[in-house]
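In what follows, a single structure is set out as structure tokens and then discussed.
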Amino acid sequence: MVATKPVDFRKGHDGLAALVSSVRRKEPFTGTGTGTVFVFRSRRADRLKLL
């Protein structure tokens with residue numbers, strides 16, 4: 001899954017996992033999220049974070 005809007009890159013993995021859980025209603029580390037890669041981009045689109 002690729003985020004279409006930039007995220008605050010000061011968020012760590014826990015913050016991004018909470019974002020996934022609240023927006024997509026999927027648990028990124030267990031259950032329905034297993035095998036799915038979540039891609040986040042910075043505001044300037046020069047960095048990515050994968051979860």
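In this chain, numbering begins with 1 at the start of the sequence shown. All values derive from a computational prediction rather than experimental measurement.
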Decide yes or no for F40 and L19: does some side-chain heavy atom of the first lie under 4.5 Å from some side-chain heavy atom of the second? yes
Can you see which heavy atom on H13 is nearest to which on L51, and at what distance? CD2-CD1, 3.8 Å
Considering all heavy atoms of both residues, which atom of L16 and which atom of K49 are nearest to each other, and what is their separation? CD1-CD, 3.7 Å
Residues two or more places apart in sequence or in another chain: which of them pass side chain to side chain contact (heavy atoms under 4.5 Å, CB included) with R43? P6
